[in-house]
Engineer: 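Okay, here's the structure, questions in a sec.
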There are 2 protein chains.
Amino acid sequence: MSQKISDSTIRRLSVYLRLLEDLEKAGTPTVSSEELARRGGTTAAQIRKDLSLFGSFGKRGLGYTVAELASRVRRILGLSGAWRVALVGAGRIGSALFAYPNLASRGFHIVVVVDNDPEKVGTQWGEVRIRPQEELEDAIRSEKVDMAIVAVPVEAGQSVVDRVVSAGVRGILNFAPTPLQVPRDVWIKDVNLVIEMEALSYALSQGGED
Amino acid sequence: MSQKISDSTIRRLSVYLRLLEDLEKAGTPTVSSEELARRGGTTAAQIRKDLSLFGSFGKRGLGYTVAELASRVRRILGLSGAWRVALVGAGRIGSALFAYPNLASRGFHIVVVVDNDPEKVGTQWGEVRIRPQEELEDAIRSEKVDMAIVAVPVEAGQSVVDRVVSAGVRGILNFAPTPLQVPRDVWIKDVNLVIEMEALSYALSQGGED
DNA sequence: TCCTGTGAAACGGTTCACAGCC
DNA sequence: GGCTGTGAACCGTTTCACAGGA
């Protein structure tokens, strides 16, 4: 079952799932790879290839059953249950993420918030109380946290990552704009807005020859 | 000069630039591809290949002059001047971005902020007054905006993108978690936190076989 | 007939290895 | 001798095209 699956395949599955859920809501019973490709801005062959890496979910001549495929993709992505997430850094980005509805609705529940600003510590955010940074490891363990979102200034990034890893977290979403070191069995995804903007800068300064 | 340059090359250049600026600050006069690779978590061959797509910036036997290479890369990425940016959506994510120091320090200046919440319209953010959504196109034109950051709810994403494009913007950073349509001469970069989290979900639910 | 599932071909990006210049 | 610049080999991903089942 687990051969070599590329990151881009996984990201596309995530997009397919969203499209499938839209179709589900709309009550569409079945969908072809062609139709899904049209909606997702990709190709039918790509979709069939992606899915074929995990099994045969369709029916020749008919397409895919929307509800069934959605459920299969959800299972592939590990989204059947809920994930428990720690947020490190309750600054502007952290608080925006905490309130971001799409995370919770997709099963990512922020159950721990940590910050090092004494003004913020003790504050209640919904059901979560902001804890001081010293409690990071304990909170991760007692709240059975699976993933961490790191939204701290660049200079604190590495030490925060080291600490969440030492407490047993194996998946990290990182907003600190610097390459961070993690052990090979820990997964880290970087969100770097400056890199995205600079890629735009490059594209625009090319003067527009497509 | 402009052959086919991949997006990944551009993103790596952005990383190299940051490393070079660190070296510049530290007063290091020259650097080899080997050394740069070590710091950036990549390979020396990769760096030489990336740079060779744009010219020959080093000296054989010596390496690269830090200040010169930084300046070259800055020019390649179109970062010599300043970019004027419109922020559409002054909600939590929008306000976090507005205050994000790394954007301004890299030459991305938010000169227009638009929101559709009457409570927010008229509020002053630093030097920028939040404008009503009707003024979007006018503001983009009068403020000579080059790029837009779209941080609005998913259902408003497409119409906002259509409007900024019609006003002449050709580079968009999009936070709306849905695939958006733009003309072929417009560049859009999506930041989709849910996809990142779902990629982590997949990795973790694989049970840890590397 | 229609549409999936999948080997095979094509493509593009990364790594290798070395010629060439300091 | 040291390190860059680059063609060639390699490798992973995408696209093609079609066999095969509904």
Side-chain angles (χ1 to χ4, degrees), chain A residues 1-16 19-20 23 28-70 72-73 76 179 195 199 202 210, chain B residues 1-16 19-20 23 28-70 72-73 76 179 195 199 202 210:
Chain A
M1 195 222 191
S2 176
Q3 29 175 150
K4 201 72 201 89
I5 307 291
S6 76
D7 192 57
S8 34
T9 295
I10 297 303
R11 299 168 74 100
R12 285 192 301 264
L13 287 185
S14 185
V15 173
Y16 305 158
L19 297 171
L20 289 165
L23 289 167
T28 315
T30 69
V31 69
S32 66
S33 54
E34 197 69 53
E35 169 67 9
L36 213 48
R38 213 181 40 70
R39 294 175 180 249
T42 177
T43 68
Q46 181 76 78
I47 291 178
R48 294 202 301 276
K49 191 57 131 186
D50 286 338
L51 295 176
S52 78
L53 298 171
F54 298 95
S56 314
F57 307 131
K59 288 192 180 54
R60 296 174 197 230
L62 290 171
Y64 302 89
T65 306
V66 170
E68 189 198 321
L69 185 57
R72 298 292 197 112
V73 173
I76 291 167
I195 288 181
Y202 170 77
D210 191 290
Chain B
M1 195 221 195
S2 179
Q3 29 173 156
K4 201 71 201 92
I5 307 289
S6 76
D7 192 57
S8 33
T9 295
I10 297 302
R11 300 168 72 98
R12 283 192 302 264
L13 286 186
S14 184
V15 173
Y16 303 159
L19 297 172
L20 288 165
L23 289 167
T28 315
T30 70
V31 69
S32 66
S33 55
E34 196 68 55
E35 170 66 9
L36 214 47
R38 212 181 41 70
R39 294 175 181 248
T42 177
T43 68
Q46 180 76 77
I47 291 179
R48 294 202 302 276
K49 189 59 133 187
D50 287 337
L51 295 176
S52 78
L53 298 171
F54 298 95
S56 313
F57 308 130
K59 286 192 182 56
R60 296 174 196 228
L62 290 171
Y64 302 89
T65 306
V66 169
E68 190 199 321
L69 185 56
R72 298 290 197 111
V73 173
I76 291 167
I195 288 182
Y202 171 76
D210 192 297

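First the proteins, then the strands, lettered A, B, ... as listed; each starts at 1.
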Engineer: Check whether any side-chain nitrogen or oxygen of B:Arg48 sits under 4.0 Å from OP1 or OP2 of C:dT15, and answer yes or no.
Structural biologist: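 The answer is no; no side-chain N or O of B:Arg48 sits under 4.0 Å from OP1 or OP2.
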
Engineer: Which residue lies toward the 5' end of DNA chain C, A:Leu62 or A:Ala45, if each is placed at its nearest nucleotide?
Structural biologist: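 Nearer the 5' end of the strand: A:Leu62.
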
Engineer: Quick check on DNA chain D: between A:Lys59 and A:Asp7, whose nearest nucleotide comes earlier from the 5' end?
Structural biologist: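 Looking at DNA chain D, the more 5' nearest nucleotide goes with A:Asp7.
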
Engineer: Does a nitrogen or oxygen in the side chain of A:Ser33 sit under 4.0 Å from OP1 or OP2 of C:dT4?
Structural biologist: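 Checking C:dT4 against A:Ser33, a side-chain N or O does come within under 4.0 Å of OP1 or OP2.
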
Engineer: From the list C:dT4, D:dT13, C:dT14, which nucleotide is the closest neighbour of the side chain of A:Ser6?
Structural biologist: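 Closest of the options to the side chain of A:Ser6: D:dT13.
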
Engineer: Under a 4.0 Å threshold between the charged nitrogen and the carboxylate oxygen, would A:Arg38 count as salt-bridged to A:Glu34?
Structural biologist: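 A:Arg38 and A:Glu34: not salt-bridged.
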
Engineer: Whether the side chain of B:Lys49 and the base of D:dG7 hold a donor-acceptor pair under 3.5 Å is what I'd like checked.
Structural biologist: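 Yes.
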
Engineer: How close or far is atom C1' of C:dT4 from atom CZ of A:Phe54, stated in whole angstroms?
Structural biologist: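 The distance from CZ of A:Phe54 to C1' of C:dT4 comes to 17 Å, rounded to the nearest Å.
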
Engineer: Nearest-Å distance, CZ (B:Phe57) to C1' (D:dT6)?
Structural biologist: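 B:Phe57 atom CZ is separated from D:dT6 atom C1' by 15 Å.
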
Engineer: From CD of A:Glu35 over to P of C:dC2, roughly how many Å is that when rounded to an integer?
Structural biologist: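 After rounding, the reported distance stands at 16 Å.
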
Engineer: So, OP1 or OP2 of D:dT13: does either fall under 4.0 Å of a side-chain N or O from A:Gln46?
Structural biologist: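 No, because none of the side-chain N or O atoms of A:Gln46 sits under 4.0 Å from OP1 or OP2 of D:dT13.
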
Engineer: Are A:Tyr64 and A:Arg48 side-chain neighbours, meaning at least one heavy-atom pair lies under 4.5 Å?
Structural biologist: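 Touching, per the 4.5 Å side-chain cut-off.
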
Engineer: Counting the atoms with a prime plus P, OP1 and OP2 as sugar-phosphate, which does B:Thr43 contact under 4.0 Å by heavy atoms, base, sugar-phosphate, or nothing?
Structural biologist: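 The answer is sugar-phosphate, as B:Thr43 gets under 4.0 Å only of primed atoms, P, OP1 or OP2.
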
Engineer: Between A:Phe57 and A:Leu51, what is the shortest heavy-atom contact and its length?
Structural biologist: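 Looking at all heavy atoms of both residues, the closest pair is CE1-O, 3.8 Å.
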
Engineer: Taking only the side-chain nitrogens and oxygens of A:Tyr64, find out if one of them lies under 4.0 Å from OP1 or OP2 of C:dC2.
Structural biologist: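 False: A:Tyr64 side-chain N/O out of range (4.0 Å or more) of C:dC2 OP1/OP2.
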
Engineer: If you round to the nearest 0.5 Å, how far is CG of A:Leu53 from NZ of A:Lys4?
Structural biologist: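 Taking NZ in A:Lys4 and CG in A:Leu53, the distance rounds to 11.5 Å.
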
Engineer: A:Leu36 has an atom CG; how far is it from atom C1' of C:dC3, in whole Å?
Structural biologist: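 For the pair A:Leu36 CG and C:dC3 C1', the rounded distance is 13 Å.
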
Engineer: Would you kindly give the CG-to-C1' distance between B:Leu53 and D:dT4, to the nearest whole Å?
Structural biologist: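 Taking CG of B:Leu53 and C1' of D:dT4, I get 14 Å after rounding.
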
Engineer: Quick one: B:Arg60 CZ to C:dC21 P, roughly how many Å, whole number?
Structural biologist: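 Result: 6 Å.
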
Engineer: Tell me the interatomic distance from A:Ile47, atom CD1, to D:dT13, atom P, rounded to whole angstroms.
Structural biologist: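 So the CD1-P distance, A:Ile47 to D:dT13, works out to 18 Å.
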
Engineer: Given atom CD1 of A:Ile5 and atom P of D:dG12, what is their separation to the nearest angstrom?
Structural biologist: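 Roughly 13 Å, once rounded to whole Å.
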
Engineer: Under 4.0 Å: is that the gap between some side-chain N or O of B:Ser8 and OP1 or OP2 of C:dG13?
Structural biologist: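 Checking B:Ser8 against C:dG13: no side-chain N or O falls below 4.0 Å of OP1 or OP2.
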
Engineer: If we only count heavy atoms from C-beta on, is the B:Leu36 to B:Leu20 side-chain gap below 4.5 Å?
Structural biologist: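 In short, these two side chains touch, coming nearer than 4.5 Å.
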
